[in-house]
Amino acid sequence: MELRKDYFADVRKDGLHEIGQGRPRLDSPGHVTGKTAYFADRNFPGMLHLKMVRSPHHHARIRSIDTSQAEKHPGVVKVLTANDVPHNVYTILILIQIGPEDETVLADGKVRWKGEAVVAVLAETERAAQEAAAKVKVDYEVLPAVFDMEEALKPGAPLVNEYHGQNYYLYDSGECRKVRFGNVEAGFAGADHILEQSYQSSPIEHAPTETTGCVVTPEGNDRFTCYTNTQAMFFTLDNTSIILQMPGSKLHFVGGTVGGGFGGKVDVIVEPIAILAAKLTGRPVCFIYSREEEMQISSPRAAEKVVIKDGLMKDGRIVARKVTGYTDAGAYSRHSPYGAQKGAAHYPGPYTIPNVWIDTYCVYTNRTPSSAMRGFGVTIGDFALEVQMDKLARLIGMDPLEFRFINAYRDGDMKAHRQPTEGAALIECMQEASRAANWPVAEKYMAMSSYRKEA
Amino acid sequence: MAKVPVQFTLNGSEKAEFVESGATLLHALRDKIGDTSPKGGCHQGTCGACSVIIDGELRLSCLTLAETCNGAAITTTAGLAEGGVLHPLQRAFLDAFATQCGFCTPGMIMAAKVLLDRTPNPSREDVVEALSGNICRCTGYEPIIQAVLTAARANSQNAA
Ligand code: FES
Ligand code: FES
């Protein structure tokens, strides 16, 4: 691979000898002395605590909300509903022109998942906020809900999210992300074996040790400082700016210290409402998820379903692959349209297959909105692909590692996305793995290289 | 809510506070006294991030009522370094890459300290047992176990 040394040529130092050297992390002295300041380590005089009233239903129309009893509860300072939020409908990826806005900050007219935020209660103590939240009366008309992606895609299924108009994300190019390469049906027709399998996963919670939250303090001049453990500082700044209709110059975000995230803290959920609360009360506000909320409310990794059909020759070559992938976004988009798209790019695997056909759907259901988590969109796909590879090898009685050597992509091979492969090293990695794992393969595979093809 | 006076020593210095009856020691330490080294990860006794040492015993400060600590000697990770010199455990966690996000670290160090105070030459199994109440979601437990074993070796060399 070419190393571009012309960038920053004037400032870069060559002759670095970093590999194999121990380097202390800059933040670890703070960690071992207990001095690192996480957002919740800030405590301001007069700080209010925010608790959410959440939907007990998966799908329901809100007939009315009565906050009068909660407002009278001792210690309560303010109760917020959708009417208080300047721009209540938003979507995180709008910043990169991925719409439509489809999620409410506080539910307006309808709830689409169990746990959705409906009313925010602000009180002098956490306990008062909790007790008052229990006194908010919401009159719901329960609607039929859908929890299964295939059910959601059937005609006549309950419509989860009106902002989309159908239970899947409509990409600019159509109802799913597509990859087309070669002629997959011709590939299947000429194959010795065909294996079609489906794989599915459940949502997975990140469970960071520190729960999601923020502390906001008004600075005067209508400016606000928000200490947060977000993993996505600029998404948060920009989305908050849109939701609260406030210029970024009024918003000062302080972050960078995250007590575990794993992708679970990239959604913009706690900051806008906490800043709004600080603005409307003129007091510092703390909004922090309880452990129970973290497990039930924060976006998990999406549940996925992957159907893989492969056409295989007796000699081990995969000649056709057709994949349909489904990503369960839950009730709102968050980062899922992007996850489904990544899947489309990933399903050919690191293998050279002459005929490929891929569709990936981002589906809406009445489940907790899913979002980012460590390689979302491709991690479950890899699991499915590699289990499928083992099954294919077994089908023709071939060693599973040798089978991968036969199909591994090498320099010059055309990928299904019509990008020629460059800088491949899969063969070399597998050779190393074969040695390290003491899993011997035939000599001819050890003689292979990613860089040239044997005649 | 009725307020109760409570007095204890924290890392060697006298503290006196009025706390709400029923308030946790975690709350008193973090929000009243300002020692934020114990962390609140679950507030229900399962993660170990809030661990402190009370009269030589490892305790979960989220499950300990502040009012029961009258006259106690409490140690937290914030009080471990002496005269700016890191405790061998702190040094070992730093050197062994045993801390990533750092949120579990103060609790881990407290649990390890109680172990080493009682068992200066622990086996690997002793370390695993001692840390079993502390959850780490980032580091993976092996570097933490290695750090505690390293600190134990450093201790025994000092003693020799
Ligand atoms: S906060 Fe005390 S054990 Fe988790
Ligand atoms: S280092 Fe993050 S939880 Fe242990």
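In what follows, chains are A, B, ... by sequence order, proteins preceding strands, each numbered from 1. It should be emphasised that the depicted structure is a prediction, and the values quoted were computed from it without experimental measurement.
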Trainee: Would you check if B:Gln44 and A:Arg291 make a side-chain contact, meaning some heavy-atom pair closer than 4.5 Å?
Mentor: yes
Trainee: Between B:Leu94 and chain A, with a heavy-atom cut-off of 4.5 Å, which part of the residue counts as in contact: side chain, backbone, both or neither?
Mentor: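 Interface part for B:Leu94: both.
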Trainee: Can you confirm whether A:Thr33 sits close enough to B:Leu80 that some side-chain heavy atom of one is under 4.5 Å from a side-chain heavy atom of the other?
Mentor: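 Heavy-atom side-chain distance check fails, nothing below 4.5 Å.
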Trainee: Around B:Glu142, counting heavy atoms of other residues, nucleotides and ligands shown, do more than 12 lie under 6.0 Å from its CD?
Mentor: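 For B:Glu142, atom CD is crowded (more than 12 foreign heavy atoms under 6.0 Å).
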Trainee: Using non-hydrogen atoms and a 4.5 Å limit, figure out which bit of A:Asp41 sits close to chain B: side chain, backbone, both or neither.
Mentor: both
Trainee: Please determine whether the number of non-hydrogen atoms from other residues, nucleotides or ligands lying under 6.0 Å from atom CD of B:Glu129 exceeds 12.
Mentor: no
Trainee: With a 4.5 angstrom heavy-atom cut-off, which part of B:Gln100 approaches chain A: side chain, backbone, both or neither?
Mentor: both
Trainee: Side chains of A:Val32 and B:Ile109: does their closest heavy-atom pair fall under 4.5 Å?
Mentor: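 In short, these two side chains touch, coming nearer than 4.5 Å.
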Trainee: Identify which of B:Gly79, B:Pro106, B:Cys42, B:Pro38 forms the greatest number of heavy-atom pairs closer than 4.5 Å to chain A.
Mentor: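 The candidate making the most pairs under 4.5 Å is B:Cys42.
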Trainee: Is atom CZ of A:Arg374 surrounded by more than 12 heavy atoms (other residues, nucleotides or ligands) closer than 6.0 Å?
Mentor: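 No.
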Trainee: Using non-hydrogen atoms only, which part of B:Leu89 is less than 4.5 Å away from chain A: side chain, backbone, both, or neither?
Mentor: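 For B:Leu89, neither part sits under 4.5 Å from chain A.
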Trainee: With a 6.0 Å cut-off (strictly less than), is the heavy-atom count around NZ of B:Lys32, excluding the residue itself, greater than 12?
Mentor: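 Yes, NZ of B:Lys32 has more than 12 neighbouring heavy atoms, counting only those of other groups under 6.0 Å.
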Trainee: Are the side chain of A:Glu210 and the backbone N or O of B:Phe103 linked by a donor-acceptor pair below 3.5 Å?
Mentor: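 Looks like no, no N/O pair under 3.5 Å.
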Trainee: If we define contacts as heavy-atom pairs under 4.5 Å, which of A:Ala207, A:Pro208, A:Pro29, A:Ala37 has the most with chain B?
Mentor: A:Ala207
Trainee: Find the one option among A:Thr209, A:Thr257, A:Thr211, A:Asn43 whose heavy-atom pairs under 4.5 Å with chain B are most numerous.
Mentor: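 Among A:Thr209, A:Thr257, A:Thr211, A:Asn43, the one with the most close pairs to chain B is A:Thr209.
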Trainee: If you look at every heavy atom in A:Gly34 and B:Thr77, which pair is closest and at what distance?
Mentor: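 Smallest heavy-atom distance, with atoms named: N-CG2, 4.2 Å.
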Trainee: Which of residues 258-277 of chain A get closer than 4.5 angstrom to chain B, counting heavy atoms alone?
Mentor: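 A:Val258, A:Gly259, A:Gly260, A:Phe262, listed by number.
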Trainee: Does a sphere of radius 6.0 Å around NZ in A:Lys114 hold more than 12 heavy atoms from other residues, nucleotides or ligands, not counting ones at 6.0 Å or beyond?
Mentor: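 Not more than 12 within 6.0 Å, no.
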Trainee: Say whether, by atom type as modelled, one donor and one acceptor occur between the side chain of A:His31 and the main chain of B:Cys101 under 3.5 angstrom.
Mentor: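 Looks like yes, one N/O pair under 3.5 Å.
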Trainee: What part of A:Thr36 gets within 4.5 angstrom of chain B, counting heavy atoms only: side chain, backbone, both, or neither?
Mentor: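 Answer is backbone: N, CA, C or O of A:Thr36 sit under 4.5 Å from chain B.
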